[in-house]
Student: 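Pasting in a structure now, in C-alpha cells, and then I'll have a few things to ask.
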Amino acid sequence: LFLTLSEERFLWPSELRVLVAIGLLGAFTTFSTLTWETLQLMEARDVVGALLNMVGSLIIGMLAVYGGVVAARLL
C-alpha cells in the first residue's frame, strides 16, 4: 500500500520511498518488501531476475538462520 501510494499518487523520490519502506517499515515488512521487489522484476518482464531474487533470498536466509543456530550452540 505504502509503496504504491508513494510511487503513483504522491510521487515521492525513489530514495525517500526506499528510506521509509526499507529503513523504517522494513523491520515489520521484510517479506512484503521481498515480494514487492519480485513483483517489480516480474512486471519488468525480468522473470529470471524475479526467480533469482526469490530463490536467492530463501537460500541466503536459510544459511543465515543455520549460521546463527550453529554460532549460538557454540557459545
Side-chain angles (χ1 to χ4, degrees):
L1 176 68
F2 168 77
L3 288 170
T4 299
L5 286 175
S6 65
E7 181 178 28
E8 296 178 6
R9 182 167 298 176
F10 301 120
L11 305 176
W12 287 15
S14 63
E15 294 84 2
L16 182 58
R17 283 196 315 269
V18 169
L19 174 69
V20 173
I22 296 172
L24 299 177
L25 302 176
F28 302 108
T29 61
T30 301
F31 184 73
S32 297
T33 303
L34 169 65
T35 55
W36 170 263
E37 291 171 350
T38 302
L39 177 64
Q40 294 295 89
L41 290 166
M42 291 172 65
E43 287 181 343
R45 302 193 187 283
D46 185 0
V47 177
V48 172
L51 289 172
L52 286 172
N53 189 43
M54 289 187 296
V55 172
S57 294
L58 177 62
I59 291 170
I60 291 169
M62 290 301 295
L63 288 172
V65 168
Y66 179 73
V69 169
V70 169
R73 288 180 179 163
L74 289 173
L75 293 176

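Positions are given from 1, in the same order as the sequence printed here.
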Student: Do the non-hydrogen side-chain atoms of L58 and M54 ever get within less than 4.5 Å of each other?
Tutor: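 When only atoms from C-beta onward are counted, M54 and L58 do not touch, as no gap falls below 4.5 Å.
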Student: Which atoms form the tightest heavy-atom contact between R17 and W12, and what is the distance?
Tutor: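 Smallest heavy-atom distance, with atoms named: NH1-O, 2.6 Å.
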Student: Nearest heavy-atom pair of L34 and S57: which atoms, and what distance?
Tutor: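 Closest pair (atom of L34, atom of S57, distance): CD1-OG, 3.3 Å.
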Student: Mind checking the CD-OG1 spacing from Q40 to T35? Nearest 0.5 Å is all I need.
Tutor: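 These two atoms lie 10.5 Å from each other.
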Student: State plainly whether one hydrophobic cluster holds both L51 and M42, where clusters connect Ile, Leu, Val, Met, Phe, Trp and Tyr through side-chain heavy atoms under 4.5 angstrom apart.
Tutor: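 In one cluster with L51: M42, no.
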Student: Should L39 and L52 be counted in the same cluster of Ile, Leu, Val, Met, Phe, Trp and Tyr side chains packed under 4.5 Å apart?
Tutor: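 No, it is not one cluster - the side chains of L39 and L52 are not joined through contacts under 4.5 Å.
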Student: When you group the ILVMFWY residues by side-chain heavy-atom contacts below 4.5 Å and let the links chain together, are F31 and I60 in the same group?
Tutor: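 They do not share one cluster, since no chain of ILVMFWY contacts under 4.5 Å joins I60 to F31.
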